[in-house]
Engineer: 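I am attaching a structure below and will ask some questions about it afterwards.
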Amino acid sequence: MVPLSWYLVLSAILFALGISAFLIKRNIITIFMSIELMLNAVNLSFVAFANHWHKLSGQVFVFFVMVVAAAEAAVGLAIIIAVFRARETLNVDRVNLLKL
Amino acid sequence: MLHQVLFIVFGAICVAGAINLVAQRHPINSALSLVVVMGSLALIYLLLGAEFVAAVQVIVYAGAIMVLFVFVIMLLNAGAEERTQGSRIAVLIGGPGVAVLTGVIVWTVMRNSQQFGGVLIGSMVEQGQDNTHGIANLLFKDFLLPFEVTSVLILIAIMGAVVLAARKESV
């Protein structure tokens, strides 16, 4: 038997690593991947609490999070392609002007 | 005992993959370590008795979304990222901040660990109803409206992605 708190601690660690990747990374694609990592960490919390309360609603929420993440990835990567076409760079520090 | 060993092994793989995502400088290496994180998270979902979520995690996340990421990395021919002044400031201020935040969360969770209880393998299996069956019942009865709304959301997202990624001349 594994304490539920271990799962929550693992989720917190993954979320923190996602935040730090979001802060440290300068490549726009890697920043986007760290958002996916944070979503995964939250999903782990959802599933752990679904197990704790013996309710499947938590797993349905995970399903919705995954659907929204898939939609978000499609739109986000399209935006990244558009930014790369306009700026010829993926470094967020060089994407600092609203107009070209 | 076996449950704890499996949890520690897959949790360690998860954290190692996430650390590798931060440490690697080439986006393709970060993407592949994110696949490792998602795969071992799917196994942790199995330990929690969420078979459907584990399968969807592998198919949708490790399959579809990460293929999209790798495709874009290769399409844009992304090289190793360059470190700038901004990233040094982020490491100096963000690193301790994130460490403090994680410490507070971990301390709070571990202090109230007794109230949470434990997780047993197979504890989610209800009498005569498997995991996927139960989720389908919820999804198509209680959550029918959100389910339909997400389908509209995906349709809008697909059209938005096509419009955003299209070349300006062809629009």
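In what follows, chains are A, B, ... by sequence order, proteins preceding strands, each numbered from 1.
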Engineer: Which atom pair, heavy atoms only, marks the closest approach of B:Ala157 to A:Val75?
Structural biologist: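 Reported closest heavy-atom pair: O-CG2, 3.6 Å.
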
Engineer: Going by side-chain heavy atoms closer than 4.5 Å, which hydrophobic residues are tied to B:Leu145, directly or by a chain of links?
Structural biologist: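 Answer for B:Leu145: B:Val149.
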
Engineer: Under 4.5 Å from any heavy atom of chain A, what part of B:Ala64 do you find: side chain, backbone, both or neither?
Structural biologist: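 Neither the backbone nor the side chain of B:Ala64 comes within 4.5 Å of chain A.
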
Engineer: Below 4.5 Å, heavy atoms only, C-beta onward: do B:Leu164 and A:Ile81 meet side chain to side chain?
Structural biologist: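 No. Closest side-chain heavy atoms not under 4.5 Å.
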
Engineer: Where do B:Gly94 and A:Leu23 come nearest, in terms of heavy atoms and distance?
Structural biologist: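 Minimum heavy-atom separation between B:Gly94 and A:Leu23: CA-CD1, 3.6 Å.
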
Engineer: For A:Leu44 and B:Leu48: C-alpha separation, side-chain torsions, deciding distance, then whether side-chain contact (heavy atoms from CB on, under 4.5 Å) applies.
Structural biologist: CA-CA 9 Å; A:Leu44 179 59; B:Leu48 282 166; 4.1 Å; yes

Engineer: Give me the atom names and distance for the closest heavy-atom approach of A:Leu10 to B:Gly11.
Structural biologist: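 Taking A:Leu10 first and B:Gly11 second, the nearest heavy atoms are CD1-O, 3.8 Å.
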
Engineer: Would you please test B:His3 and A:Met1 for side-chain contact (heavy atoms from CB on, under 4.5 Å) and show each step?
Structural biologist: CA-CA 6 Å; B:His3 190 179; A:Met1 182 157 131; 5.7 Å; no

Engineer: Does any backbone or side-chain atom of A:Leu90 lie under 4.5 Å from a heavy atom of chain B? Answer side chain, backbone, both or neither.
Structural biologist: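 Contact with chain B involves the side chain of A:Leu90 alone.
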
Engineer: Given a strict heavy-atom distance threshold of 4.5 Å, which part of A:Phe32 is in contact with chain B: side chain, backbone, both, or neither?
Structural biologist: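 Both parts, backbone and side chain.
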
Engineer: Please classify the contact between B:Leu68 and chain A as side chain, backbone, both or neither, with a heavy-atom cut-off of under 4.5 Å.
Structural biologist: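 For B:Leu68, heavy atoms of backbone and side chain both lie under 4.5 Å from chain A.
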
Engineer: Which class fits the ring pair B:Phe147 and A:Phe64: parallel under 30°, tilted 30 to 60°, perpendicular over 60°?
Structural biologist: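 Geometry flag for A:Phe64 against B:Phe147: tilted rings.
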
Engineer: With chain A as the partner chain, list the residues of residues 26-35 of chain B whose heavy atoms fall under 4.5 Å from it, by residue number, and write 'none' if nothing qualifies.
Structural biologist: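 B:Pro27, B:Ser30, B:Ala31, B:Leu34, listed by number.
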
Engineer: Looking at side-chain heavy atoms only, is the closest gap between B:Val72 and A:Phe84 below 4.5 Å?
Structural biologist: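 SC-SC contact between B:Val72 and A:Phe84 ruled out.
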
Engineer: Taking C-beta and beyond as the side chain, do B:Leu139 and A:Phe63 meet within less than 4.5 Å on heavy atoms?
Structural biologist: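 Side-chain contact under 4.5 Å: yes.
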
Engineer: Among B:Met1, B:Gln57, B:Arg25, who wins on heavy-atom pairs under 4.5 Å with chain A?
Structural biologist: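 Option with the top pair count is B:Gln57.
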
Engineer: Less than 4.5 Å to any heavy atom of chain A: does that hold for the side chain of B:Leu2, its backbone, both, or neither?
Structural biologist: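 No part of it gets close to chain A.
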
Engineer: Under the rule for side-chain contact (heavy atoms from CB on, under 4.5 Å), what residues qualify as partners of A:Val68, not counting sequence neighbours?
Structural biologist: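 A:Val68: side-chain contact (heavy atoms from CB on, under 4.5 Å) contacts with B:Leu153.
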
Engineer: Within a strict 4.5 Å, meaning less than it, do heavy atoms of the B:Leu47 and A:Tyr7 side chains meet?
Structural biologist: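 With C-beta onward as the side chain, the pair touches.
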
Engineer: Search all heavy atoms of A:Ala12 against all heavy atoms of B:Ile105 and return the closest pair with its distance.
Structural biologist: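 The answer is CB-CG2, 3.6 Å.
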
Engineer: Distance check, rounded to the nearest 0.5 Å: A:Leu14 atom CG versus B:Ile44 atom CD1?
Structural biologist: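 One finds 7.5 Å between CG of A:Leu14 and CD1 of B:Ile44.
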
Engineer: Is the shortest heavy-atom distance from the side chain of B:Leu101 to the side chain of A:Ile19 under 4.5 Å?
Structural biologist: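 Counting from C-beta outward, B:Leu101 and A:Ile19 do come under 4.5 Å.
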
Engineer: Quick one: what part of B:Leu76 sits under 4.5 Å from any heavy atom of chain A, side chain, backbone, both or neither?
Structural biologist: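 Its backbone and side chain both get close to chain A.
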
Engineer: Report the distance from atom CZ of B:Arg111 to atom OG of A:Ser5, rounding to the nearest 0.5 Å.
Structural biologist: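 Separation between the atoms: 13.5 Å.
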
Engineer: Less than 3.5 Å apart, any donor N or O on the side chain of A:Gln59 or B:Asn131 sitting next to an acceptor on the other?
Structural biologist: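 B:Asn131 and A:Gln59 do have a side-chain donor-acceptor pair below 3.5 Å.
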
Engineer: With sequence neighbours excluded, tell me which residues meet side-chain contact (heavy atoms from CB on, under 4.5 Å) with A:Val83.
Structural biologist: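 Residues passing side-chain contact (heavy atoms from CB on, under 4.5 Å) with A:Val83: A:Ile79, A:Arg87, A:Val95.
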
Engineer: If I measure from the heavy atoms of chain A, does B:Ile8 come under 4.5 Å with its side chain, its backbone, both, or neither?
Structural biologist: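 Interface part for B:Ile8: side chain.
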
Engineer: Would you say the side chain of A:Asn40 lies within less than 4.5 Å of the side chain of B:Tyr61, judging by non-hydrogen atoms?
Structural biologist: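 B:Tyr61 vs A:Asn40: side chains touch.
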
Engineer: Determine the minimum heavy-atom distance between A:Ala73 and B:Ile65, stating which atoms define it.
Structural biologist: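 Minimum heavy-atom contact is CB-CG2, 3.9 Å.
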
Engineer: Is B:Phe69 in contact with chain A via its backbone, its side chain, both, or neither, using a 4.5 Å heavy-atom distance?
Structural biologist: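 Both parts, backbone and side chain.
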
Engineer: Is B:Val37 in contact with chain A via its backbone, its side chain, both, or neither, using a 4.5 Å heavy-atom distance?
Structural biologist: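 Only the side chain of B:Val37 comes within 4.5 Å of chain A.
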
Engineer: Taking side chain as everything from C-beta outward and backbone as N, CA, C, O, which of these in B:Phe143 sits under 4.5 Å from a heavy atom of chain A? Side chain, backbone, both or neither.
Structural biologist: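 For B:Phe143, heavy atoms of backbone and side chain both lie under 4.5 Å from chain A.
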
Engineer: Indicate the atoms forming the closest heavy-atom contact of B:Tyr45 with A:Asn43, along with that distance.
Structural biologist: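 B:Tyr45 and A:Asn43 have their closest heavy atoms at OH-CB, 3.2 Å.
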
Engineer: Is A:Val2 in contact with chain B via its backbone, its side chain, both, or neither, using a 4.5 Å heavy-atom distance?
Structural biologist: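 Contact with chain B: backbone and side chain both.
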
Engineer: Quick check: do A:Glu36 and B:Met38 have side-chain heavy atoms less than 4.5 Å from each other?
Structural biologist: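 Yes, close enough: below the 4.5 Å cut-off.
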
Engineer: Is A:Asn91 in contact with chain B via its backbone, its side chain, both, or neither, using a 4.5 Å heavy-atom distance?
Structural biologist: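 Only the side chain of A:Asn91 comes within 4.5 Å of chain B.
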
